[in-house]
Undergrad: 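After the structure tokens below, expect a handful of questions from me.
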Amino acid sequence: MNDEQAPAHTAAEPVPVLEAVDVTVRYPVHRARGESVHALENASLRLIPGRTVALVGESGSGKSTFARTLALAQKPTSGSILLNGKPASAQGRRARRDYARRVQMVLQDPFASLNPLHRVRYLLERPLRLHGSVTGREDLEQRLRALLERVRLTPPERFLDAFPHELSGGQRQRVAIARALAVQPEVLLGDELVSMLDVSIRLEILNLLATLRDEEHLAMLYITHDIAGARYFADEIAVMYAGEIVEYGSAEDVTQTPAHPYTRLLLDSTPDPDRMEFLAGRTNREDGEPDAATDDYGEPPDLVHPPSGCRFHPRCPLARAACRTESPPHVQVTDRHWARCVLLVEPGDGASRDTTTAEVTQ
Ligand code: SF4
């Protein structure tokens, strides 16, 4: 395992329930030419009970591939997934069902993920019967009501016999979350699960998830392109670019003292009053506005032929000649905050941190 890619695992630290270790995923696209999509590259992540890691990046950065791999819906090309420290397996129906019970995924579009032909009652009854120990009609009825109450769909009788199309987007997403909770999972993987909702509803759903995480001690992965929302909701943030995790740390550290130029660009596109001081401090312009170069930073790279050296170099406003050919070093910014960028050891314009204590690993 590449220990530098995840925070140090000490005796005092809770044991992760789900862990990805150096996971690489490649999708073959042209076997004769030996071409494949380099979707995920040596990605490591630990999910701890009662904590949330946000996986942040733009579309096509590999976030969903990572989530699908953690859910064992995608086989890694190399690397491993550990559940409670043991290699996870989906070999055979029983192992698959057991894993799906413990690791649940909630998708972006609740309308697509809920069968429109079935009432809420059926949608929740099914996982309860498949994975639970329902003892009879009365017990089932009680569990259904309790599930809807847990996701704040009250009174439950108002929702139990509704079809998905009769519910609002937020209510549908609550049903999707209730369905995931029905099997009493240990891990919840949320793939852009609020991005299709109205802004006013997003906060309600994130608050609900935070309450469920705390009350039920769930380990959560929150996948999003919205770094501001991630700061609000997550304990740690992993920033992903072109299939690689380029920065990792506490939500506070990553958003308040971002170490990687890509994280800075993500933050620049998200207005946040708390960060105005940081932005003013790093600009090179006399009028205090962010550099123009950061306002338009081009398209994501082709992952069939990913850029050499640092994958971010074609878009990086601070790139140097060496960035085109050399892999960026892994730099430990603080105990629990690292990033991969040459500027952290050889600062230039825009690199603001003190590098005297940097711990570097190639
Ligand atoms: Fe930019 Fe070079 Fe750092 Fe990559 S290694 S983020 S190209 S400065």
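For ligands, and for the atoms within them, numbers begin at 1 and follow the listed sequence. Worth knowing before you read on, the calculation uses all heavy atoms, side chains too, and leaves out hydrogens, waters and symmetry mates.
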Undergrad: Excluding sequence neighbours, so at least two apart, what forms ring-ring contact (aromatic ring centres under 6.0 Å, His included) with Y122?
TA: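 Per chain and number, Y122 pairs via ring-ring contact (aromatic ring centres under 6.0 Å, His included) with H118.
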Undergrad: Please report how many protein N/O/S atoms lie under 2.8 Å from atom 2 (Fe) of ligand 1.
TA: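 Excluding waters, the total comes to 1.
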Undergrad: Pairing donors with acceptors under 3.5 angstrom, does anything connect the side chains of H38 and R26?
TA: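 Yes, because at least one side-chain N or O of H38 sits under 3.5 Å from a partner of the opposite role on R26.
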Undergrad: Only heavy atoms of H260, strictly under 4.0 Å: list the atoms of ligand 1 that pass.
TA: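 So the atoms of ligand 1 that pass are 6 (S).
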Undergrad: Indicate whether the side chain of R315 and that of Y241 have a donor and an acceptor atom separated by less than 3.5 Å.
TA: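 Distance-only check passes for R315 and Y241.
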Undergrad: With sequence neighbours excluded, tell me which residues meet salt bridge (Lys or Arg N to Asp or Glu O under 4.0 Å) with E216.
TA: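 E216 satisfies salt bridge (Lys or Arg N to Asp or Glu O under 4.0 Å) with R150 only.
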Undergrad: What part of R340 sits under 4.0 Å from ligand 1 if we count only heavy atoms: the side chain, the backbone, both or neither?
TA: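 For R340, no heavy atom sits under 4.0 Å from ligand 1.
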Undergrad: Knowing that exactly one of D235, L206, L47 qualifies, which makes a side chain to side chain contact (heavy atoms under 4.5 Å, CB included) with T52?
TA: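 The single option meeting the side chain to side chain contact (heavy atoms under 4.5 Å, CB included) with T52 is D235.
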Undergrad: Can you tell me which residue pairs pass the salt bridge (charged side-chain N to carboxylate O under 4.0 Å, His left out) test with a partner in residues 238-248, sequence neighbours excluded?
TA: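 Qualifying pairs, neighbours excluded: E244-R311.
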Undergrad: Say whether, by atom type as modelled, one donor and one acceptor occur between the side chain of K75 and the main chain of V25 under 3.5 angstrom.
TA: no
